[in-house]
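Hydrogens, waters and symmetry mates are skipped; everything else that's a heavy atom, side chains included, is used.
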Amino acid sequence: MKIEKIINPIAQENTYLLSNSSFKLIIDPGSDLSALMEHINLTDSPVSGILLTHAHFDHIMGLEALKNAFPAAPIFLHEAEKDWLKDPYFNASALLLGREVTAPKADHFYKFNTSYELSDFKFRILETPGHSIGGVSLVFDEEGFVFTGDALFKNAIGRWDLPTGNHDQLIDAIEKQLFTLPEHYIVLPGHGPQTTIGTEKTFNPFFK
């Protein structure tokens with residue numbers, strides 16, 4: 001599996017494009033859709049799905065145009081944030097961007113305690129709320145990767161002062177859901193550089 005990272009301009013948010021021999025998978029389409037499309041169009045393989053770690057505006061700004069370009073690609077989201085795609089208050093665009101961002105509704109809500117296989121991409125979903133009520137992390141066990149959205153960063157954690165944010169819930173989710181993963185797993189966050197589970201368990205100042 002090949003992983004490409006696009007750093008978007010609005011909030012330096014990371015979009016990830018995953019590719020295997022036949023398909024592509026997109027995680028958190030951000031504000032620079034043109035850069036994402038350049039990467040997508042390098043090969044003819046279809047987009048098999050769009051996975052959202054949460055529904056804040058910076059992670060969904062490219063969603064409408066992406067869905068228009070690939071209407072057959074289903075959008076996945078936590079059900080707790082199903083209305084956020086149409087709600088500029090909860091997706092924080094009205095609060096932080098100064099203009100309203102909306103996006104198409106999700107096609108599927110994540111199921112937990114189950115394994116997904118989507119066009120040969122195998123992954124599972126962890127609930128990691130605290131930055132937002134429906135925050136999730138996407139674990140690819142065969143490859144040893146976890147996409148943590150805005151829950152866990154290198155030497156930091158997500159902010160908890162936006163609607164439905166909760167500091168204690170975030171700390172608890174990271175400790176119980178993420179820090180129980182193998183220490184060699186590579187953390188691919190929603191902002192900033194990659195790290196590992198072991199590095200964050202040892203050095204992240206929020207857990208000293």
Side-chain angles (χ1 to χ4, degrees), residues 5-16 27-32 50-64 75-106 109-110 112 125-139 146-181 187-197 199-208:
K5 181 173 78 172
I6 295 96
I7 303 175
N8 299 274
I10 287 291
Q12 296 295 292
E13 70 274 14
N14 296 328
T15 294
Y16 295 98
I27 298 174
D28 289 350
S31 53
D32 192 354
I50 305 165
L51 309 181
L52 303 179
T53 62
H54 64 297
H56 281 150
F57 72 93
D58 49 329
H59 297 263
I60 64 169
M61 289 185 72
L63 187 56
E64 182 171 13
I75 300 167
F76 290 79
L77 177 68
H78 194 301
E79 188 172 10
E81 296 183 6
K82 64 180 181 180
D83 297 326
W84 290 28
L85 298 171
K86 299 293 185 183
D87 191 325
Y89 171 75
F90 279 104
N91 71 38
S93 58
L95 298 170
L96 300 179
L97 191 61
R99 60 185 176 91
E100 296 185 350
V101 170
T102 59
K105 67 179 182 179
F109 301 124
Y110 293 121
F112 302 96
I125 312 298
L126 302 178
E127 289 190 274
T128 49
H131 174 68
S132 68
I133 191 64
V136 303
S137 294
L138 314 171
V139 183
V146 55
F147 297 86
T148 57
D150 286 5
L152 179 65
F153 305 123
K154 183 177 177 62
N155 294 322
I157 62 174
R159 60 188 295 180
W160 56 87
D161 60 337
L162 296 173
T164 76
N166 184 294
H167 172 268
D168 292 343
Q169 189 179 46
L170 180 59
I171 293 292
D172 186 67
I174 293 170
E175 290 183 332
K176 292 180 179 178
Q177 299 285 354
L178 296 176
F179 283 177
T180 55
L181 294 172
V187 173
L188 295 162
H191 302 265
Q194 71 181 44
T195 181
T196 68
I197 292 295
T199 298
E200 297 315 303
K201 287 173 69 174
T202 303
F203 297 110
N204 193 303
F206 287 89
F207 299 93
K208 293 293 185 181

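One distance of note links CD1 of Ile171 with CZ of Phe206; it measures 7.5 Å at 0.5 Å rounding. Within the model, atoms CD1 of Ile133 and CD of Glu79 stand 12.5 Å from one another, a figure rounded to the nearest 0.5 Å. Atom CH2 in Trp84 sits 12.5 Å away from atom CG in Leu52 (nearest 0.5 Å). Between the CG atom in Asp161 and the CG atom in Asn166 there is a gap of 12.0 Å [rounded to 0.5 Å]. Of the inter-residue distances, the one linking Thr202 atom OG1 with Phe179 atom CZ reads 8.5 Å to the nearest 0.5 angstrom. Distance check, rounded to the nearest 0.5 Å: CG of Asp28 to CG of Leu63 gives 9.5 Å.
Applying the side chain to side chain contact (heavy atoms under 4.5 Å, CB included) test to Lys176 and every residue at least two apart in sequence or in another chain returns Asp172.
Between Asp150 and His54, some side-chain heavy-atom pair lies under the 4.5 Å cut-off. Using a 4.5 Å heavy-atom threshold, the side chains of Phe90 and Asp83 count as separate. Side-chain contact between Leu162 and Leu96 is present, with heavy atoms from C-beta onward closer than 4.5 Å. The side-chain heavy atoms of Val146 and Leu152, taken from C-beta on, include no pair separated by under 4.5 Å. In this structure the side chain of Ile197 reaches within 4.5 angstrom of the side chain of Val187, judged on heavy atoms.
Distance alone, capped at 3.5 Å, places no donor-acceptor pair between the Thr148 side chain and the Ala151 backbone. Not a single donor-acceptor pair under 3.5 Å links the side chain of Asp32 to the backbone N or O of Ile7. With hydrogens and angles ignored, the 3.5 Å screen pairs a side-chain donor or acceptor of Asn14 with a backbone N or O of Gly192. Using modelled atom types, one side-chain atom of Ser31 and one backbone atom of Ile10 make a donor-acceptor pair closer than 3.5 Å. In this structure a side-chain-to-backbone donor-acceptor pair under 3.5 Å is missing from His56 to Asn91.
Taking the six-membered ring where tryptophan is involved, the planes of Tyr110 and Phe76 are essentially parallel, since the angle between them stays under 30° and well short of 60°.
Around the CZ atom of Phe207, the shell of radius 6.0 Å holds more than 12 heavy atoms that belong to other residues, nucleotides or ligands. By the 6.0 Å contact criterion, NZ on Lys105 is open, its count of non-hydrogen atoms from other residues, nucleotides or ligands being 12 or less. Within a 6.0 Å sphere centred on CD of Glu175, other residues, nucleotides and ligands contribute more than 12 heavy atoms.
Residues Asn8 and Thr15 have side chains that bring a donor and an acceptor to within less than 3.5 angstrom of each other. In this model, a donor atom of one side chain and an acceptor atom of the other lie less than 3.5 Å apart for Ser132 and Glu81. For Glu200 and Thr195, the side-chain atoms include at least one donor-acceptor pair closer than 3.5 Å.
Aromatic ring centres of Phe112 and His78: separated by under 6.0 Å.
Nearest heavy atom pair, residue Asp87 against residue Tyr89, reads OD1-N, 2.9 Å. Smallest separation of non-hydrogen atoms from Asn155 and Phe203: OD1-O, 4.0 Å.
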inquiry  = Walk me through whether Leu138 and Ile125 qualify under side chain to side chain contact (heavy atoms under 4.5 Å, CB included).
reply    = CA-CA 5 Å; Leu138 314 171; Ile125 312 298; 3.3 Å; yes
